[in-house]
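All remarks here apply to the structure that follows.
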There are 2 protein chains.
Amino acid sequence: MENTCPLNYGLEIFGDRWSLLVIRDIAFWGKKTYGEFLSSNERPATNILAGRLARLEKNGFIVKRTDEKDKRKEIYSLTEKGLDLIPMLMEIGAWSAKYDPRQPEEFKQFVTMVRADQQRLTAHFIDKVRNGGAIFADAVGRQSTDS
Amino acid sequence: MENTCPLNYGLEIFGDRWSLLVIRDIAFWGKKTYGEFLSSNERPATNILAGRLARLEKNGFIVKRTDEKDKRKEIYSLTEKGLDLIPMLMEIGAWSAKYDPRQPEEFKQFVTMVRADQQRLTAHFIDKVRNGGAIFADAVGRQSTDS
DNA sequence: ACAGGTTACTTGCAAAGTGCAAGTATTTTT
DNA sequence: AAAAATACTTGCACTTTGCAAGTAACCTGT
């Protein structure tokens, strides 16, 4: 396995639509059980959902415990490692708020509020790339080209 | 197709490892050609890379133009829509810097610098979810459960 | 101007992953 | 005790992936 640089590590584990949607359901909608994840608008297949929950748990993004009040239910929740994905999820949401025509005005306002805090630096980096530069140019050592 | 809520829209198009790695290569490493993307550490298959480039172009994340100095080459670059993914990529990078043991110290420092700017609000949301709440609780209308 | 290399792809095919439908096991409800 | 609910698993057709090998256009050196 060959995982050298910035984004790749995470992408192999959580960089898949269904995994991220599970984490979204927990963080953004407060969902906690298999049945709740299943009934999301995107309707994952049961076996896929089960597989993703198992992988997310194995990789330490979520934990499950049996609901004491109803032992048929498993309660899933985010670990610290999973909670730390929230800033990334919010950026995906911010992007969607801007480009998805179906996003409700409500959500766009929420994003605007969040964004007020953090525009400065990222705007600088976007400019850099727009002008043909790269974020890591001169900031971090150049990536190796060989295997 | 059923694309109602916050993150789903983008995830269907760019929410795939190879697509994001292409965008990373352009934004973070300044890569511009098919050959440069191919020689990344993660070594995508040639057909997969070609397919992703075509899809990213079709969906307006990148554009290609023939290199005037060497007409064998196609120069890929990010559109505004693609540039706007940079904040999200930086958050993925920030997460990786924290959890990927292979990340160099150099990169962790870069991330710390970036983060100094934007910690406040996201920390608040993480707390909310950690305590069993959800980011959208009372902030945005509750998601519909039916199809 | 021709030969050989470079670049950006495409094609064929086996293996892996996805998604629907149906089933099972445990627990709760009636 | 029977029925419903919940969290899964299993079987199977279909799709996607990834390796290996090709092809077409262009450039480079002689």
Side-chain angles (χ1 to χ4, degrees), chain A residues 1-3 8 11-23 25-26 29-59 61-77 145-147, chain B residues 1-3 8 11-23 25-26 29-59 61-77 145-147:
Chain A
M1 201 123 320
E2 174 70 49
N3 256 343
N8 193 46
L11 292 182
E12 289 202 336
I13 311 170
F14 63 73
D16 134 81
R17 187 169 166 244
W18 296 121
S19 298
L20 285 174
L21 289 177
V22 165
I23 295 171
D25 279 345
I26 300 177
W29 300 116
K31 295 184 179 181
K32 292 171 169 47
T33 66
Y34 181 90
E36 287 176 325
F37 302 140
L38 253 194
S39 69
S40 76
N41 287 347
E42 297 84 10
R43 306 250 170 219
T46 56
N47 54 346
I48 304 295
L49 175 60
R52 292 303 190 283
L53 287 170
R55 194 168 73 192
L56 287 170
E57 189 183 17
K58 178 181 153 207
N59 286 297
F61 291 90
I62 60 180
V63 285
K64 81 172 164 182
R65 60 175 203 283
T66 305
D67 185 347
E68 281 311 310
K69 289 159 192 158
D70 182 345
K71 287 181 179 151
R72 290 170 305 180
K73 292 186 181 174
E74 302 284 347
I75 307 278
Y76 290 91
S77 59
T145 295
D146 48 37
S147 81
Chain B
M1 203 119 321
E2 176 69 50
N3 256 342
N8 193 46
L11 292 182
E12 288 202 337
I13 312 169
F14 63 73
D16 134 81
R17 187 168 166 244
W18 296 121
S19 298
L20 285 174
L21 290 177
V22 164
I23 295 171
D25 280 346
I26 300 176
W29 300 116
K31 295 184 178 180
K32 292 170 171 46
T33 65
Y34 182 90
E36 286 175 325
F37 302 139
L38 252 194
S39 69
S40 76
N41 288 347
E42 297 85 9
R43 306 247 171 223
T46 57
N47 53 346
I48 305 295
L49 176 59
R52 292 303 191 281
L53 287 171
R55 195 169 72 191
L56 286 170
E57 190 184 14
K58 177 182 155 210
N59 286 298
F61 291 90
I62 60 179
V63 285
K64 81 173 165 182
R65 59 176 205 281
T66 305
D67 185 349
E68 282 310 310
K69 288 158 191 157
D70 182 346
K71 288 181 179 152
R72 290 171 304 179
K73 292 186 182 175
E74 301 286 347
I75 307 278
Y76 291 90
S77 59
T145 296
D146 50 37
S147 80

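Owing to the predicted nature of the structure, the values given are computational and were not obtained by experimental measurement. In what follows, chains carry the letters A, B, and so on, assigned in the order in which the sequence lines appear, proteins first and then strands, with residues in each chain numbered from 1.
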In whole angstroms, the gap separating C1' of dA4(D) from NZ of Lys73(A) amounts to 13 Å

What one-letter contact string describes nucleotides 25-30 of chain D from 5' to 3', where B marks a base within less than 4.0 Å of any protein heavy atom, S marks contact via sugar-phosphate atoms alone, and - marks no contact? -BS---

Mind checking whether Ile26(B) and Lys31(B) have side chains closer than 4.5 Å, heavy atoms only? no

Which nucleotide of DNA chain C is the first, and which the last, in the 5' to 3' direction, to come under 4.0 Å of a heavy atom belonging to chain A? dT18(C) to dT28(C)

To the nearest 0.5 Å, what is the distance between CD1 (Ile62(B)) and CD1 (Ile75(B))? 12.5 Å

Can you check whether Pro44(B) reaches Arg17(B) side chain to side chain, under 4.5 Å on heavy atoms? no

By side-chain contact (heavy atoms from CB on, under 4.5 Å) - contacts of Asp16(A) (at least two apart): Trp18(A), Ser19(A), Arg52(A), Arg55(A)

Of all residues at least two apart in sequence or in a different chain, which pass the salt bridge (charged side-chain N to carboxylate O under 4.0 Å, His left out) check with Asp67(B)? none

To the nearest Å, give me how far apart CD (Glu42(B)) and P (dT17(D)) are. 17 Å

Results of ring pair (Phe, Tyr, Trp, His ring centres under 6.0 Å) for Tyr76(B) - residues two or more places apart only: Phe37(B)

Compare side-chain N and O positions of Lys64(A) against OP1 and OP2 of dT6(D) and report whether any pair is under 4.0 Å apart. no

Expressed in angstrom and rounded to an integer, what is the separation of Lys32(A) atom NZ from dA7(D) atom P? 13 Å

So what does Phe37(A) hit on the nucleic acid, given a heavy-atom distance under 4.0 Å: a base, only sugar-phosphate, or nothing? nothing

According to a strict under-4.0 Å criterion, is Trp18(B) in side-chain N/O contact with OP1 or OP2 of dG18(D)? yes

Looking at side-chain heavy atoms only, is the closest gap between Leu20(A) and Leu11(B) below 4.5 Å? yes

For Ala45(B), what residues pass the side-chain contact (heavy atoms from CB on, under 4.5 Å) criterion, not counting sequence neighbours? Asn47(B), Ile48(B)

Quick note, ring-ring contact (aromatic ring centres under 6.0 Å, His included) partners involving residues 38-57 of chain A, not counting sequence neighbours, are none

All ring pair (Phe, Tyr, Trp, His ring centres under 6.0 Å) counterparts of Tyr34(B), not counting sequence neighbours: none

Under the rule for side-chain hydrogen bond (donor to acceptor under 3.5 Å, both in side chains), what residues qualify as partners of Asn59(A), not counting sequence neighbours? none

Pull out every residue in residues 44-58 of chain A that has a heavy atom closer than 4.0 Å to any atom of DNA chain C, ordered by number, or say none. Ala45(A), Thr46(A), Asn47(A), Ile48(A), Arg52(A)

Take atom CG of Leu38(B) and atom P of dC19(D), then tell me their distance rounded to the nearest Å. 12 Å

